[in-house]
Amino acid sequence: MPSRLAGENAVDAPPRVLRQATLDDANDLPAPGVTRCLYFSAAGTVSLIAVDDSAPVALTVVAGGFLWVRAKRIRATGTSLTAAQIICGY
(Lines give C-alpha, C1' and ligand atoms only; values in the text may rest on other atoms or scores of the structure.)
Protein backbone atom coordinates (compact mmCIF):
# COMPACT_ATOMS: atom_id res chain seq x y z
CA MET A 1 0.00 0.00 0.00
CA PRO A 2 1.52 3.35 -0.97
CA SER A 3 2.16 5.97 1.68
CA ARG A 4 -0.47 8.65 2.10
CA LEU A 5 2.36 11.17 2.17
CA ALA A 6 3.23 12.88 -1.08
CA GLY A 7 6.90 12.39 -0.29
CA GLU A 8 9.43 12.70 2.46
CA ASN A 9 9.44 16.48 2.08
CA ALA A 10 5.65 16.89 1.96
CA VAL A 11 4.13 19.33 4.42
CA ASP A 12 2.43 16.50 6.31
CA ALA A 13 5.57 14.35 6.50
CA PRO A 14 7.37 14.10 9.86
CA PRO A 15 10.11 16.67 10.50
CA ARG A 16 13.56 15.79 9.17
CA VAL A 17 15.48 18.57 10.94
CA LEU A 18 15.18 19.81 14.54
CA ARG A 19 16.55 23.16 15.68
CA GLN A 20 16.32 25.31 18.78
CA ALA A 21 14.01 28.25 18.13
CA THR A 22 15.23 31.74 17.33
CA LEU A 23 13.07 34.40 18.97
CA ASP A 24 12.98 37.56 16.88
CA ASP A 25 10.31 40.23 16.47
CA ALA A 26 11.58 41.55 13.12
CA ASN A 27 13.12 38.61 11.24
CA ASP A 28 11.79 35.29 10.02
CA LEU A 29 13.30 32.02 11.22
CA PRO A 30 16.72 31.23 9.77
CA ALA A 31 17.24 28.35 7.32
CA PRO A 32 15.69 25.90 6.88
CA GLY A 33 12.87 28.46 7.28
CA VAL A 34 9.19 27.62 7.79
CA THR A 35 8.43 25.02 10.47
CA ARG A 36 6.30 21.89 10.24
CA CYS A 37 5.81 21.78 14.01
CA LEU A 38 6.97 23.19 17.31
CA TYR A 39 7.73 21.25 20.50
CA PHE A 40 7.63 22.87 23.95
CA SER A 41 9.58 21.57 26.95
CA ALA A 42 7.77 23.97 29.30
CA ALA A 43 4.32 25.50 29.60
CA GLY A 44 3.80 29.12 28.65
CA THR A 45 2.83 31.45 25.84
CA VAL A 46 4.31 31.60 22.37
CA SER A 47 3.75 34.44 19.91
CA LEU A 48 4.22 33.47 16.27
CA ILE A 49 3.42 34.46 12.73
CA ALA A 50 2.15 31.70 10.44
CA VAL A 51 3.59 31.36 6.96
CA ASP A 52 0.69 33.06 5.13
CA ASP A 53 -0.09 35.62 7.85
CA SER A 54 1.34 39.04 8.62
CA ALA A 55 -0.04 39.50 12.15
CA PRO A 56 1.17 37.58 15.21
CA VAL A 57 -0.99 35.33 17.32
CA ALA A 58 -0.29 34.37 20.95
CA LEU A 59 -1.00 30.77 21.96
CA THR A 60 -0.89 29.07 25.34
CA VAL A 61 1.10 25.83 25.20
CA VAL A 62 1.66 22.93 27.59
CA ALA A 63 4.94 21.30 28.58
CA GLY A 64 5.67 18.34 26.34
CA GLY A 65 3.19 19.59 23.75
CA PHE A 66 3.46 19.82 19.99
CA LEU A 67 1.94 22.52 17.80
CA TRP A 68 1.55 21.52 14.17
CA VAL A 69 1.96 24.89 12.50
CA ARG A 70 3.77 26.34 9.49
CA ALA A 71 5.39 29.22 11.39
CA LYS A 72 7.75 31.66 9.70
CA ARG A 73 8.56 33.72 12.81
CA ILE A 74 8.56 33.17 16.56
CA ARG A 75 8.44 36.51 18.31
CA ALA A 76 10.30 37.43 21.49
CA THR A 77 7.55 39.88 22.43
CA GLY A 78 4.63 37.94 23.83
CA THR A 79 6.59 34.69 24.22
CA SER A 80 7.15 33.65 27.85
CA LEU A 81 9.35 30.66 26.97
CA THR A 82 13.07 30.83 26.26
CA ALA A 83 14.44 29.80 22.89
CA ALA A 84 15.91 26.68 24.54
CA GLN A 85 12.38 25.60 25.55
CA ILE A 86 11.10 25.64 21.96
CA ILE A 87 12.23 23.13 19.33
CA CYS A 88 11.37 23.75 15.69
CA GLY A 89 10.70 20.77 13.44
CA TYR A 90 11.41 21.31 9.73
Side-chain angles (χ1 to χ4, degrees):
M1 177 177 193
S3 170
R4 71 171 188 81
L5 302 176
E8 63 185 27
N9 292 319
V11 172
D12 59 351
R16 296 176 47 121
V17 176
L18 301 174
R19 298 276 188 271
Q20 180 175 303
T22 301
L23 307 181
D24 194 318
D25 289 348
N27 297 299
D28 291 346
L29 291 165
V34 177
T35 66
R36 292 183 191 192
C37 68
L38 300 173
Y39 169 79
F40 308 97
S41 64
T45 303
V46 63
S47 177
L48 60 84
I49 300 177
V51 67
D52 291 331
D53 284 336
S54 57
V57 61
L59 303 166
T60 301
V61 298
V62 298
F66 284 89
L67 180 62
W68 301 96
V69 63
R70 304 284 291 164
K72 65 181 178 184
R73 185 178 306 167
I74 303 173
R75 301 177 69 240
T77 301
T79 298
S80 64
L81 303 173
T82 66
Q85 294 171 318
I86 305 171
I87 301 297
C88 299
Y90 296 96

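Just so you know, these numbers come straight off a predicted model, no measurement behind them.
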Do [X] and [Y] share a hydrophobic cluster (ILVMFWY, side-chain heavy atoms under 4.5 Å, transitive)?
X     : Y     : result
Tyr90 : Phe40 : yes
Leu59 : Val69 : yes
Trp68 : Val17 : no
Val46 : Val34 : no
Val57 : Leu67 : yes

Test item: [X] and [Y] side chains (from C-beta on) under 4.5 Å apart, heavy atoms:
X     : Y     : value
Val61 : Leu38 : no
Ile86 : Leu23 : yes
Tyr39 : Leu18 : no
Pro56 : Thr77 : no

Heavy-atom closest pair, residues Ala84 and Ser41: O-OG, 4.3 Å
Heavy-atom pair of closest approach, residues Ala42 and Leu81: O-CD2, 3.7 Å
Keeping the roles fixed (side chain from [X], backbone from [Y]), state whether a donor-acceptor pair exists under 3.5 Å.
X     : Y     : value
Arg36 : Pro14 : yes
Arg70 : Thr35 : yes
Lys72 : Asp53 : yes
Ser80 : Thr45 : yes

Atom pair CD1 (Ile87) and CZ (Arg19), whose distance is rounded to the nearest 0.5 Å: 10.5 Å
Spacing of Asp25 atom CG and Thr79 atom OG1 [to the nearest 0.5 Å]: 8.0 Å
